[in-house]
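Computed over heavy atoms, backbone and side chain alike; hydrogens, waters and symmetry mates excluded. Both ligands and their constituent atoms are indexed starting at 1 by order of listing. Please read all numbers here as calculations on a predicted model, not as lab measurements.
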Amino acid sequence: MQPRPFSAALPAPIKIRGRNISPTWQQNLISIFLPHPTQPRTHAEEGESGCGGAGGRPRMFDDAGAVAVKRMRLWEEDEVEVEEEGMEVDAEPGWPWGTPAAGLSRAAAIVVADAAEPDFPVIYVNAAFESATGYRAHEVLGRNCRFLQFRDPRAQRRHPLVDPMVVSEIRRCLNEGIEFHGELLNFRKDGAPLYNRLSLIPMHGDDGYVTHVIGIQLFSEANIDLSSVSYPVYKQQTNNRPSIQDLNSASHEHAPKVQSADHCGILQLSDEVLAHNILSRLSPRDVASIGSVCTRMHELTKNDHLRKMVCQNAWGRDATVKLEMSTKMVGWGRLARELTTLEAASWRKFTVGGRVEPSRCNFSACAVGNRLVLFGGEGVNMQPMDDTFVLNMEAARPEWRRVKVSASPPGRWGHTLSWLNGSWLVVFGGCGQQGLLNDVFVLDLDAQQPTWREVASEGPPLPRSWHSSCTLDGSKLVVSGGCTESGVLLSDTFLLDLTKEKPAWREIPTSWSPPSRLGHTMSVYGTTKLLMFGGLAKSGSLRLRSSDAYTMDVGEDSPQWRQLATTGFPNVGPPPRLDHVAVSLPCGRIIIFGGSIAGLHSPAQLFLVDPAEEKPTWRILNVPGKPPKFAWGHSTCVVGGTRVLVLGGHTGEEWILNELHELCLASRPDDDDDDRY
Ligand SMILES: Cc1cc2nc3c(=O)[nH]c(=O)nc-3n(C[C@H](O)[C@H](O)[C@H](O)COP(=O)(O)O)c2cc1C
């Protein structure tokens, strides 16, 4: 967070998320800044409402706090209600994070920190904070709020059960000046554990710099057994740390014993510093290697919190959220290893219930969490279909179900269906009853009454089919190439930011574009980078299957397409193809398989490339199991981050959709032999 010198005057206008805030809010905030609230209250000022006065009218900021809490969507799914008079948070019957802590914690606690001073010192706390935490304002002002993560006020370190992932996320949000919403374990001054549903909202001055951060805390009782701490990283150093003798015997069985004073400095670091500040910054592969150095490193690196943090640093948050399910049984260490080595990858075939009727081809499918969604397609006599089906892979017996939608986009085939954040989907283009389309429709699969809604977007690209699409950040739709009504192949790349109130298409201007094409794939790696592969590409006066790969970093100021120069043996790369499949792995590598290929090549052969490598090389992946026989005109989705589902295939008479093939990239929970790192 970029601080600016603190000024006692209210910076006006104040912005939240870059927008000017309402005059009421501003008025309320004036009470934060003027008069400066760093003075601890006297007992007389505290009156009856001081520490422990739940129902009492708290100090000057509370009205502001009430408005703040009332107006702000603290969480995606629920708006916190605050009663006008008592300013208490309604504990709904379904209060999802436990019973509010006895007495005072029904009210939202509020803290304001000065972002212009190092380490975000607290400049204000309300009475609800005092009563929920047991700390009085004068004990808190000037300190950083992390003391709530320490069980004993004199403790030197966070409690082991405080999730370091959440703490590191708070740190990231504060550094980037963005909001944080999450839950973590805190402690009252008397040591009682509390769940804290915490929201941090940065306040911007008119120059855009963050001047203050408002913290809103909803505390509730945490009924947890603190005696069974399961996080070895933070266990008492003296008990946990192996002796020098242990260390020596683990790594150099017969090495001479040395005195601790002569020993390498790194071994004198506390477990917390080693785990948090050093190991968590390494790659998953390096953490695995370091774990084999000695007993102490082995103990530290087999910790699942640490492994998760390492994976998140390397692969990004979205990828780790998707992978969470896969780690339930195997743990982050083993999952990281399996996704790195692909040692557990295998094919399997299975049958699901229900039917996608009428039968069809050229549909489009994508995954929403652990569900697979299919939209449209080409029925008999080239009939464009407009129905939506869902297959829940988490169900004990997955079966296709038609989604009852109250409105549908016009029927189509040769379109794209892509996943957006949460449970949202987006459809673009394709071939409809009246010809080619360039419209955009979105659907929230989890809405009570799912409805496809057309997005009125300015400056759309030409109507097209057989283009390719992907989404960046779960919210920006990228469309490239395809074929126009007159059969012309396209080479353009367009981006539509669906977070905008009035989304407008933007063509990404590049000085050079890959030859125009259809039936190619676009994959995302490294958050903002695109890899285009294959398709039917224009080559002089011909149209040929392509095996070329191109990359572009949309995050650059002026993004450019570049041909991916791969090294290695000639003919090791995937043979030219169209209508194939590209799967992005969390670690940025991409797998290509299937499609329409000339000659005798096996369509199910898997090719792997890491486009981020200095010298990218195609590798062939030999995977056991039963691969799909029909590997053209199918669709794939990556469910739960590790399961690549291949659907579609033709028996000669009809398209079958209830026989699926799955490329499992990691061991499934039921394969588990508990071989954790
Ligand atoms: C205004 C504000 C309020 C905060 N409130 C809490 C809180 O209630 N509980 C908590 O554990 N951390 C809270 N934090 C986060 C910590 O102060 C700290 O930023 C976090 O532990 C990450 O930094 P660290 O790794 O240096 O400790 C708050 C931070 C700010 C700026």
Taking 4.0 angstrom as the limit and counting only heavy atoms of [X], give me the atoms of ligand 1 inside it, by number and element.
X    : answer
V167 : 21 (O), 22 (C), 25 (O)
L174 : 19 (O), 31 (C)
N186 : 7 (C), 8 (O), 9 (N), 10 (C), 11 (O)
I170 : 15 (C), 19 (O), 20 (C)
N196 : 7 (C), 8 (O), 9 (N)
G215 : 1 (C)

Going by the closest heavy atom to [atom], which one wins out of [options]?
atom                    : options                : result
atom 30 (C) of ligand 1 : L200, L148, V112, N144 : L200
atom 4 (C) of ligand 1  : P164, G182, C145       : C145
atom 10 (C) of ligand 1 : Q149, R171, Q217       : Q149

Of the backbone atoms (N, CA, C, O) and the side-chain heavy atoms from C-beta on, which set of [X] has a member under 4.0 Å from an atom of ligand 1: side chain, backbone, both, or neither?
X    : result
R146 : both
V162 : neither
V122 : neither
D119 : neither

H159/F187 aromatic ring centres below 6.0 Å: yes
Over-ring placement of K322 relative to W419, 6.0 Å and 45° cut-offs: yes
Note: D119-R143 ion pair, threshold 4.0 Å (strictly below): no
Sidechain N-carboxylate O distance under 4.0 Å for E299, R296: no
Steps toward salt bridge (charged side-chain N to carboxylate O under 4.0 Å, His left out) verdict (K308, E324): CA-CA 9 Å; K308 181 176 177 187; E324 194 79 61; 3.0 Å; yes
Polar contact flag, side-chain donor to acceptor under 3.5 angstrom, D497-T499: yes
Protein heavy-atom partner closest to atom 1 (C) of ligand 1 - residue, atom, separation in Å: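 Looking at atom 1 (C) of ligand 1, the protein heavy atom closest to it is V213 O, 3.4 Å.
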All side-chain hydrogen bond (donor to acceptor under 3.5 Å, both in side chains) counterparts of D190, not counting sequence neighbours: R188
Heavy-atom side-chain contact between I201 and V213 under 4.5 Å: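 When only atoms from C-beta onward are counted, V213 and I201 do not touch, as no gap falls below 4.5 Å.
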Min heavy-atom dist R158 to ligand 1 below 4.0 Å: yes
Set of side chain to side chain contact (heavy atoms under 4.5 Å, CB included) partners for E556, sequence neighbours left out: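 E556 satisfies side chain to side chain contact (heavy atoms under 4.5 Å, CB included) with D553, R562 once adjacent residues are dropped.
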Ring geometry between Y135 and F147 (parallel below 30°, tilted from 30 to 60°, perpendicular above 60°):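 Correct class here is perpendicular.
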